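Reckoned from all heavy atoms, side chains included, excluding hydrogens, waters and symmetry mates. Residue numbering restarts at 1 for every chain, and letters A, B, ... go by the order of the sequence lines. Just so we're clear, the structure is a prediction, and the values are computed from it rather than from any experiment.
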Amino acid sequence: MKENLWLILLGSILVNNFVMSKFYGTCPFLGVSKKVSTAVGMGVAVTFVMGVASLVTYFVQYYILEPFDLAYLQTIAFILVIAVLVQLVEMVINKTSPSLYKALGVYLPLITTNCAVLGVTILNITESYSLLGSVVNGVGSALGFMLAIVLFAGVRERLENSNIPACFKGYPSTLIAAGLMSIAFLGFQGLI
Amino acid sequence: MAKHEYKKIFLNGLITENPTFRLVLGMCPTLAVTTSVQNGIGMGLATTFVLVCSNLVISLIRNFVPSKVRIPAYIVVIATFVTIVQLLLEAFLPELSASLGLFIPLIVVNCIIFARAESFASKNSPLPSVVDGLGMGLGFTCSLTILSAIRELVGAGTLLGFPVLGSAYPGILLFILAPGGYLTLGLTLVAFNAVMGKIDARRRAKAAAAEGSVA
């Protein structure tokens, strides 16, 4: 087998961390990282959707779009697949585990507009990963997203209580903290 | 609608509700492509085109689309225009297309476009919607240009590729790398907040003084 799944996994979690070095999924990263508990919920939901989306878009690309010469419809097809998938996940979780649904409730529909999901599906195709590689890359990238968002929620919980100048309050201090954390993630650069 | 109202809608997007500095929307492309001025302007104009066209179409179909399926309908409209931009850039500006890369298809999930479709175009007639899209798009383009100018100048000592700070300037690579995106935007927001705070305080002081003289 040509691709090394471990390298893909490690690379997508640490070296090419989606939020910290690629800027995919920055909106939910800044929006949903106020509390550690909600950050974990969002991370789990995104991991699931990204794993399944990688699987489904693989079949859409190689069994529908390419045989019929429709590759230029990639963007439209993929975003629709993701929107449908998120809706489906929402319904399934609602039926099987109402408590989890309540915990994730608001964050589920938001996943459609998380550019990390659309990003990873297109990236899988441009990197021409195999079926297994795509799923590993999808899940790995999502775990990287979860790692960053959970770590950062811890930072923000502390930041909330500190006394800082008025013009730094809110987004500015959050962004600067994210910048410092991103410098830390640069340290993984030479790992692979 | 009167002329001054269009002006108000336009300026609203450009300054009062500037998507980047005031609403803090569309962060992914803002942070990712502002490594050089050329990329910043390219991304801004591509987004403006999509925003104007999608606002126009969504405002035209707003009375025919049932509200239950409006989100998927908007997604298809937006994705169509993004595909058009993607193909045009590939054909006529292949260099820009290569350096923006994955972020061109990702315009689909730019929250600004969605937010304007939902909060403006779905409630207003076509002409104001186009003006709103133009204002918001140009506001976004201006913010991207400012941020990318700072990053390119500090990071490489150039503007639009021309050397500005002389060849002795070593260039602080950090500002071109990912952390620089977060830091530049954070510090620019600090400056924006500080200036806006001063203006607000002055306005309030004036209002208070006026009230005092009336009383």
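Neither the backbone nor the side chain of A:L73 comes within contact range of chain B; no heavy atoms are under 4.5 Å apart. Of the two parts of B:L174, only the side chain, counted from C-beta on, holds a non-hydrogen atom closer than 4.5 Å to a non-hydrogen atom of chain A. Using a 4.5 Å cut-off between heavy atoms, B:V108 touches chain A through its side chain atoms alone. Residue A:A178 touches chain B through both its backbone and its side chain, counting heavy-atom pairs closer than 4.5 Å. At a 4.5 Å heavy-atom cutoff, the contact between A:L80 and chain B is made by side-chain atoms alone. Residue contact with chain B, scored on non-hydrogen atoms closer than 4.5 Å, is absent for A:I82. Heavy atoms of B:I78 lying under 4.5 Å from chain A are absent altogether. Of the atoms belonging to A:V84, not a single heavy atom falls under 4.5 Å from chain B. With a 4.5 Å cut-off on non-hydrogen atoms, A:F185 does not touch chain B at all. For B:F103, the part sitting under 4.5 Å from any heavy atom of chain A is the side chain, from C-beta outward, and nothing else.
Distance CG/B:L106 to CZ/A:F23: 13.5 Å, rounded to 0.5 Å. The CG atom of B:L183 lies 7.0 Å from the CD1 atom of A:I176; values are rounded to the nearest 0.5 Å. Between atom CG of residue B:L173 and atom CG of residue A:L186 there is a gap of 9.0 Å, rounded to the nearest 0.5 Å. A distance of 11.5 Å separates CD1 of B:I75 from CD1 of A:I76, quoted to the nearest 0.5 Å.
Per-residue counts of heavy-atom pairs under 4.5 Å with chain A were compared for B:G26, B:C28, B:A191; the largest is that of B:C28. Across B:C111, B:G180, B:A178, B:P179, the residue that shares the most heavy-atom pairs under 4.5 angstrom with chain A is B:P179.
Taking all atoms of both residues into account, the shortest heavy-atom contact from B:L102 to A:G119 is CD2-O, 3.7 Å. Residues B:A79 and A:I79 share a closest heavy-atom pair of CB-CG2, 4.2 Å.
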Give the table of side-chain donor-acceptor pairs shorter than 3.5 Å for residues 145-152 of chain A, with sequence neighbours excluded, one pair per line with atom names and distance.
none

Quick one: donor-acceptor pairs between chain A and chain B, under 3.5 Å, side chains and backbone, table format.
from, atom 1, to, atom 2, distance (Å)
A:V19, O, B:Y182, OH, 3.0
A:T75, OG1, B:Q86, OE1, 3.2
A:C167, O, B:N193, ND2, 3.4

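Applying the 6.0 Å contact sphere to CZ of B:F10 captures more than 12 heavy atoms from other residues, nucleotides or ligands.
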